[in-house]
Q: 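To start, I am sharing the structure in question, which I have written as structure tokens.
Every value quoted in this text rests on a predicted model; they were computed, and no experiment measured them.
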Amino acid sequence: MSQLPFDPLLVSIAAPLALALAIGLGLPKRWSVRLAYGAFAIPALMALHAWWWFSAQPKDHGYAFLSRYSTGLDSLGISLHLGLNGISLPLFVLAGLVGLAAGLYALQSGAERLKIYVMLLLIMQGGLMGVFASVDIFFLYFFHELALIPTFIMVGLWGGRDRTYAAMKLTIYLTLGAMLSLIGLIALYARTGQHTFNLIALRNYLALAPLSETLQQHIAAFLLIGLGVLVSLWPLHTWAPLGYGAAPSSAAMLHAGVLKKFGLYTLIQVALPLLPAGIAHWSHPLAWLAVIGNVLVVGLITIAQRDLKQMLGYSSVMHMGYAFLGIATMSVIGSGGVVLLMVAHGLSVALLFMLATSVYHRTHTFAMDEMGGLAQKAPVLAAFFVAGTLASIGLPGFANFWGELTIFVALWKFSPLITAFAVAGVVISAIYGLRSAARVFFGPATEQMTRVAAENPTVDLRWSEKLPALVLLAALLFVGFWPKSITTALNAELAPAKPAVTADASNQR
């Protein structure tokens with residue numbers, strides 16, 4: 001059993017936020033950069049500690065490492081409850097590892113106004129750890145907003161092409177999605193009449209006295225639309241490729257890799273157990289939107305992309321379709337597959353966004369038609385990129401394979417026709433993934449590539465780039481070869497879950 005003299009969840013949140021505050025108060029740049037290494041490493045170490053000791057910890061309703069801190073708003077049912085269950089644990093570890101990789105890459109990036117850049121990343125990292133450590137729904141939402149705000153600023157200040165427009169579109173879409181989901185969460189709080197945001201208390205109460213089907217359907221609609229915007233459900237997805245294309249690398253890694261999972265996580269952790277009849281009502285429309293829109297339409301758009309970073313942005317949107325399909329099945333294996341896919345996608349997309357920037361530093365362009373032959377000059381970069389691409393496609397041996405496989409198995413029981421369309425997406429992802437790797441790294445070098453290489457001799461990945469890439473790739477392979485590292489705790493949490501019996505008319509609120 002863990003014998004740490006402090007709360008590892010609280011430390012993982014407080015460490016990056018404390019250093020961000022110190023930087024904001026005028027900590028010298030030299031110390032800011034040095035201490036930032038520790039501030040990014042601490043959440044990763046705390047997350048790995050929690051994962052290692054989770055099975056040995058005493059549980060309360062499936063949660064380990066439970067702690068509660070008064071906020072002064074206890075009369076409103078708002079307290080800082082921290083804890084991890086089988087659903088939140090793998091995503092908590094994901095946030096720690098991707099945050100470490102993004103932080104290491106940022107600290108060696110040489111970005112302008114590096115102090116402010118690091119400060120915003122630290123705020124984002126603290127918020128991400130808080131999202132998955134929160135048992136209180138209020139703080140689940142609060143930490144998401146805390147992590148979201150730096151995204152807008154970083155895209156606007158350090159973004160690439162069309163950064164102003166991208167930042168405005170991000171702000172409008174994601175603010176709208178957050179407000180709609182907040183309405184749903186407040187309605188859930190108000191209509192239960194329990195005056196608490198504590199997820200354990202709400203689950204216990206609604207298991208005995210569920211909301212009426214009509215009310216569940218209305219609240220679920222707000223959550224599905226609001227959270228759908230945040231996760232880029234088609235056709236509310238257009239902010240994502242533009243935003244990721246303009247975002248600086250570390251911001252794209254953290255947002256696409258981790259923060260984007262907030263919506264899916266909330267649906268599995270909150271909506272499915274508390275509003276089963278409501279989610280069931282919308283499950284078929286959700287499945288058709290996801291498979292036709294995200295998987296097929298966006299998948300074909302991804303094939304047409306010629307910009308490497310835009311291609312990765314669209315591919316991220318496409319793969320979110322599989323996650324929505326898993327949720328639509330409303331099954332244990334489907335929900336488990338979504339968690340596996342969230343972890344796998346978070347690691348692989350963060351790796352690919354980072355490597356795309358490394359490619360840009362060597363070619364001075366994101367246009368794949370202007371590249372070629374890079375593998376001869378940078379074989380290590382090519383190896384990492386091909387590995388990330390194969391992981392994204394779902395090759396066995398990588399974590400993505402287990403997520404997609406379990407979702408397809410669950411989806412077959414839900415609808416064989418939708419499954420057939422979804423499996424076609426695997427072919428689409430293979431086409432754009434392998435073609436992009438071929439264009440960038442193999443074949444003859446273009447005139448543009450030759451000219452750039454003559455002016456600036458191409459070098460392979462430096463250790464400042466290799467180390468964060470190794471962190472992400474090692475995690476992908478570890479889960480790929482040992483999925484039980486996630487599924488043991490995940491199955492224990494999901495298996496007991498039973499849809500609540502809908503209240504009859506006399507109990508409707």
Q: Can you confirm whether F92 sits close enough to P43 that some side-chain heavy atom of one is under 4.5 Å from a side-chain heavy atom of the other?
A: no
Q: Please work out which of the three classes, parallel, tilted or perpendicular, describes the rings of H255 and W239, given edges at 30° and 60°.
A: perpendicular
Q: Roughly how far, to the nearest 0.5 Å, is OG of S429 from CG of L434?
A: 8.5 Å
Q: Is it the case that N400 and S392 place a side-chain donor and acceptor less than 3.5 Å from each other?
A: no
Q: Give the minimum heavy-atom separation between A36 and L107, together with the two atoms involved.
A: CB-CD2, 3.8 Å
Q: Is the H319 ring parallel, tilted or perpendicular to the H345 ring (thresholds 30°, 60°)?
A: tilted
Q: Under the side chain to side chain contact (heavy atoms under 4.5 Å, CB included) criterion, do F442 and V386 qualify, and how do the steps go?
A: CA-CA 11 Å; F442 304 104; V386 170; 4.2 Å; yes
Q: Using modelled atom types and a 3.5 Å cut-off, is there a donor and acceptor pairing between side-chain atoms of Q305 and backbone atoms of M311?
A: no
Q: Hey, are the side chains of V338 and I407 touching, using non-hydrogen atoms and a 4.5 Å cut-off?
A: yes
Q: Are L347 and L473 close enough that some pair of their side-chain heavy atoms sits under 4.5 Å apart?
A: no
Q: Is there a side-chain contact between S12 and I42 in this structure, where contact means two heavy atoms from C-beta onward sitting under 4.5 Å apart?
A: no
Q: When rounded to the nearest 0.5 angstrom, what distance separates CG in L9 from OG in S88?
A: 8.5 Å
Q: Any donor-acceptor pair under 3.5 Å linking the side-chain atoms of Y244 with those of S232?
A: no
Q: Using only atom types and a distance under 3.5 Å, with no angle test, would you say the side chain of S316 pairs donor to acceptor with the backbone of G313?
A: no
Q: Hey, are the side chains of V297 and W234 touching, using non-hydrogen atoms and a 4.5 Å cut-off?
A: yes
Q: Carefully, step by step, assess M124 and I149 under the rule side chain to side chain contact (heavy atoms under 4.5 Å, CB included).
A: CA-CA 8 Å; M124 199 171 180; I149 292 171; over 6 Å; no
Q: Under the side-chain hydrogen bond (donor to acceptor under 3.5 Å, both in side chains) rule, collect the residues that match up with Q108, sequence neighbours excluded.
A: Y37
Q: Does atom CH2 of W412 have more than 12 heavy-atom neighbours from other groups under 6.0 Å away?
A: no
Q: For the CG atom of L224 and the CD1 atom of I279, what is their distance to the nearest 0.5 Å?
A: 4.5 Å
Q: Counting only heavy atoms from other residues, nucleotides and ligands, does the tally under 6.0 Å from CZ of F138 exceed 12?
A: yes
Q: About how many Å separate CG of L223 and CG of L188, when rounded to the nearest 0.5 Å?
A: 7.5 Å
Q: Between CD1 of I431 and CD1 of I303, what distance do you get to the nearest 0.5 Å?
A: 4.5 Å
Q: Does L128 form a side chain to side chain contact (heavy atoms under 4.5 Å, CB included) with V98? I'd like the steps, not just the answer.
A: CA-CA 10 Å; L128 289 171; V98 174; over 6 Å; no
Q: Nearest 0.5 Å, what's the CH2-CD1 distance between W158 and I153?
A: 8.0 Å
Q: How close do G243 and L170 get, heavy atom to heavy atom, and via which atoms?
A: CA-CD1, 4.1 Å
Q: Can any side-chain N or O of D460 pair as donor or acceptor with the backbone N or O of V380 at less than 3.5 Å?
A: yes
Q: Under 6.0 Å between ring centres: does that hold for F142 and F139?
A: yes
Q: Mind listing the closest non-hydrogen atom pair of V295 and A422 along with its distance?
A: CG1-O, 4.1 Å
Q: Y322: which residues meet the side-chain hydrogen bond (donor to acceptor under 3.5 Å, both in side chains) condition with it, sequence neighbours left out?
A: none
Q: What I'd like to find out is whether the side chain of R462 reaches to under 4.5 Å of the side chain of V459, using heavy atoms alone.
A: yes
Q: Within the distance-only criterion (no hydrogens, no angle test), does the side chain of K261 pair as donor or acceptor with the backbone N or O of G257 below 3.5 angstrom?
A: yes
Q: Is it true that, when you exclude K169 itself, more than 12 heavy atoms of the residues, nucleotides or ligands shown sit nearer than 6.0 Å to its NZ?
A: yes
Q: Between Y173 and T238, does any side-chain donor sit less than 3.5 Å from a side-chain acceptor?
A: yes
Q: Can you confirm whether L199 sits close enough to D136 that some side-chain heavy atom of one is under 4.5 Å from a side-chain heavy atom of the other?
A: no
Q: Begin with the C-alpha distance, continue with both residues' side-chain angles, and end with the deciding distance and a verdict on side chain to side chain contact (heavy atoms under 4.5 Å, CB included) for L312 and T302.
A: CA-CA 8 Å; L312 294 176; T302 308; over 6 Å; no
Q: Looking at side-chain heavy atoms only, is the closest gap between R439 and R306 below 4.5 Å?
A: yes
Q: Is the side chain of S32 donor-acceptor paired with the backbone N or O of L27 at a distance under 3.5 Å, no angle test?
A: yes
Q: Does atom CZ (R113) have a neighbourhood of more than 12 heavy atoms from anything else shown, all under 6.0 Å?
A: yes
Q: For T363 and T365, does a side-chain donor sit closer than 3.5 Å to a side-chain acceptor?
A: no
Q: Would you check if the side chain of Y141 reaches a backbone N or O of A178 as a donor-acceptor pair within less than 3.5 Å?
A: yes
